[in-house]
Amino acid sequence: MIDDVLFGKPLISLITVGFAGIIVWHLLSRQRPTTRLVVQILFFAVMTLILVISGIEPHRFQGYESDDPQALLVIVAKSLWWIHLAWAVIGFIRLYLVLEGSPREARLLQDLVIGVVYIGMALSVMAFVFGVPIGTLVATSGVVAIILGLALQNTLADVFSGIALTLGRPYIIGDWILLSDGTEGRVVESNWRATHILTSANNVVVLPNSFLAKLGLTNVSRPDETHLLVLTIRIAPTRMPASVRNVMATALASCNSIVREPPPVVALKGLDATALELELQFRVTSPSQRVTARNEVLDLVYRHCKSAGLLLAVPAAASILTGDLPTEESARPPRVTPLELIEAIPIFATLTSDEKQKLAETTAVREFRKGDVIVREGEMLPSLMMVRAGIVAARHGDEERGRLAPGDFFGETGLLAGLREVCTLEALTPVTAYEIDQEAFAPLLSERPALAEEIADHLASAERFRNGTSLPPEHARSAHAILKTIRTIFKA
């Protein structure tokens, strides 16, 4: 019965099996490549069996009579056989042509081989089904190929450059690259013709692969994405170089935007009558953090220099008299007073000059040794402290949340709102701080009750650390609740 159906009319049977195989192959999920390959091989084997038994040779051209009613059936049948052969080979390629650990190269190699398979199938159909003289066609098409090659030379250059870049793997999607022409950004797409780069200005630059292949390329993301920054600082030579270097190292140690490991480096570059020149070398987690880190480092250098009594040097191009330069004996750097620190605290911005002066007069000096715990997590610090010198680390459990440097302050939530500290504060270096307690602040609130509302608004929206870490939800409170606490504390 099956023999009659399949071999009674072999051409019709072969065409039916061929189209059925196409339909079944498209219905099978792409997520099951092995099943699709097995089904494809089965259909191809049945088609081959029908051709062999019926005496049709698909790999040889057999002339057709113009009035032969079966000529069209033979053409369709042999074409379907060649298509199924190509698909079976492609199934093997997709499944077994794999480069471990290199998916992009594997995909590219697969596409190239599959392209060759399709070209071979098309030429075979032309030669063995339609009888086209391939040799003559290839020779004739040489002229056409030259014309097309000249017309498409830029496109072909992009394609072959894309192949070279893909196989060479100088970068992958997501890498941050720097080109010799100054273009810099993250690779967001790479195809056969062009590479798309997202710049720091949030623009997408599309570079042809042929152009990209000619440029020098620095992959900032290899071996990792940490990025080295170098800043040159000039300090007036009023102290020994070793002392100045220690101050710069302390400034870098207090920075929250740079990488701790490998540690930052302070290198002495030069010394003359006008300046001691130092080079600060530090890393950031990503090139996108360069501006943030540079701004913070410069801010901390200024604050630590002021805290340590160092003077910034005049520019090298400035025209001054040598006798006017400060020396170690004649330098008189300005002192950092409690009033200057109070003026820099946001919650005291609404105080008048007289109120700030009265508050500064009540400050006390506190000294902490390296390793001293100033306040533990969960405890309340009933006084505000302004860092005069040194570094304070803020830790939440085993995690370091940030570091406080000269000019920073802490304890305002305990002094003014009765909140417990969310972090343990520990002195990383010897620390000098100015302290303001509740007794010193109470007279200001009694003289101007409206001040409590202004302070409550500041505390409700304040960020706890310089790096932008806010109070956790369990510690955050509304301005109304803080105002109520302030009035309760200072009424008592």
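None of these values were measured; they are calculated from a predicted model.
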(request) Supply the atom-to-atom distance I436 CD1 to L359 CG, rounded to the nearest 0.5 angstrom. (result) 4.0 Å

(message) Restricting to side-chain contact (heavy atoms from CB on, under 4.5 Å), what partner residues turn up for N246, sequence neighbours left out?
(response) none

(request) Measure the shortest side-chain to side-chain distance between E277 and I235 over non-hydrogen atoms and say whether it is less than 4.5 angstrom. (result) no

(request) Please name the pair of heavy atoms, one in V284 and one in S257, separated by the smallest distance, quoted to 0.1 Å. (result) CG1-O, 3.9 Å

(message) Any donor-acceptor pair under 3.5 Å linking the side-chain atoms of T432 with those of R366?
(response) no

(message) If you compare all heavy atoms of P237 against all heavy atoms of D272, which two are closest, and at what distance to 0.1 Å?
(response) CG-O, 3.9 Å

(message) Holding to side-chain hydrogen bond (donor to acceptor under 3.5 Å, both in side chains), I want the full list of residues that pass it with R294, two or more places apart in sequence or in another chain.
(response) none

(request) Decide yes or no on salt bridge (charged side-chain N to carboxylate O under 4.0 Å, His left out) for D408 and R303, but give the supporting numbers first. (result) CA-CA 10 Å; D408 289 325; R303 286 202 264 169; 3.2 Å; yes

(request) Please lay out, stage by stage, how C255 and L252 fare under the test side chain to side chain contact (heavy atoms under 4.5 Å, CB included). (result) CA-CA 5 Å; C255 185; L252 291 176; 5.5 Å; no

(message) With rounding to the nearest 0.5 angstrom, report the CG to CE distance, D437 to M385.
(response) 9.5 Å

(request) Any chance you could measure M248, atom CE, to L280, atom CG, to the nearest 0.5 Å? (result) 7.0 Å

(request) Could you list the residues that satisfy side-chain contact (heavy atoms from CB on, under 4.5 Å) with D354, not counting sequence neighbours? (result) T352

(request) Mind listing the closest non-hydrogen atom pair of S254 and H304 along with its distance? (result) OG-NE2, 3.1 Å

(message) Using side chain to side chain contact (heavy atoms under 4.5 Å, CB included), reason through R401 and C423 one step at a time and then give a plain yes or no.
(response) CA-CA 8 Å; R401 289 288 184 87; C423 293; 3.9 Å; yes

(request) Scan for salt bridge (charged side-chain N to carboxylate O under 4.0 Å, His left out) pairs involving residues 254-266, sequence neighbours excluded, and state none if there are none. (result) R260-E400

(message) Is a donor from one side chain sitting under 3.5 angstrom from an acceptor on the other, for S286 and H227?
(response) no

Identify each donor-acceptor pair in which a side-chain atom of residues 371-384 lies under 3.5 Å from a protein atom, sequence neighbours left out, and give them as a table.
unit_1, atom_1, unit_2, atom_2, d
D372, OD2, R369, N, 2.8
E377, OE1, G397, N, 3.2
E377, OE2, H396, ND1, 3.2
E379, OE1, R376, N, 3.2
S383, OG, E435, OE2, 2.8

(request) Give a yes or no on whether a salt bridge exists between R290 and E184, defined as a side-chain N under 4.0 angstrom from a carboxylate O. (result) yes

(request) Measure the spacing between CZ of R403 and CG of L425 and express it to the nearest 0.5 Å. (result) 13.0 Å

(request) State, to 0.1 Å, how close L207 and L179 come at their nearest heavy-atom pair, and which atoms those are. (result) CD1-CD1, 3.2 Å

(message) I want to check something: taking the side chain as every heavy atom from C-beta on, are L278 and T232 in contact at a cut-off of under 4.5 Å?
(response) no

(message) In the structure I gave you, are the side-chain heavy atoms of K269 and L276 within less than 4.5 Å of one another anywhere?
(response) no

(message) So I233 and L298, do their side chains get closer than 4.5 Å, heavy atoms only?
(response) yes

(message) Determine whether a donor-acceptor pair (N or O, by modelled atom type, separation under 3.5 Å) exists between the side chain of S180 and the backbone of G216.
(response) yes

(message) Rounded to the nearest 0.5 Å, what separates atom OH in Y434 from atom CZ in R388?
(response) 5.0 Å

(request) Can you measure from CD (Q289) to CZ (R283) and round to the nearest 0.5 angstrom? (result) 15.5 Å

(request) Using the side chain to side chain contact (heavy atoms under 4.5 Å, CB included) rule, pick out the option among V220, T218, I197 that qualifies with I177. (result) I197

(request) Answer yes or no: is there a side-chain heavy-atom contact under 4.5 Å between L231 and F282? (result) yes

(message) Could you report the tightest heavy-atom contact between I173 and V188, atom names first, then the distance?
(response) CG2-O, 3.9 Å

(request) Could you walk me through whether V244 and L310 pass the side chain to side chain contact (heavy atoms under 4.5 Å, CB included) test, one step at a time? (result) CA-CA 8 Å; V244 178; L310 297 178; 4.1 Å; yes

(request) Verify, without hydrogens or angle tests, whether E296 (side chain) and N256 (backbone) share a donor-acceptor contact under 3.5 angstrom. (result) yes

(request) Quick one: do Q281 and L228 satisfy side chain to side chain contact (heavy atoms under 4.5 Å, CB included)? Show the steps, please. (result) CA-CA 7 Å; Q281 303 174 8; L228 178 67; 4.2 Å; yes

(message) I'd like to check the side-chain contact (heavy atoms from CB on, under 4.5 Å) partners of N202; sequence neighbours left out, ordered by chain and number.
(response) L198

(message) I need the minimum non-hydrogen distance between V392 and F410, along with the two atoms involved.
(response) CG2-CE2, 4.4 Å

(request) For residues H196 and V204, determine if any side-chain heavy atom of one lies less than 4.5 Å from a side-chain heavy atom of the other. (result) yes

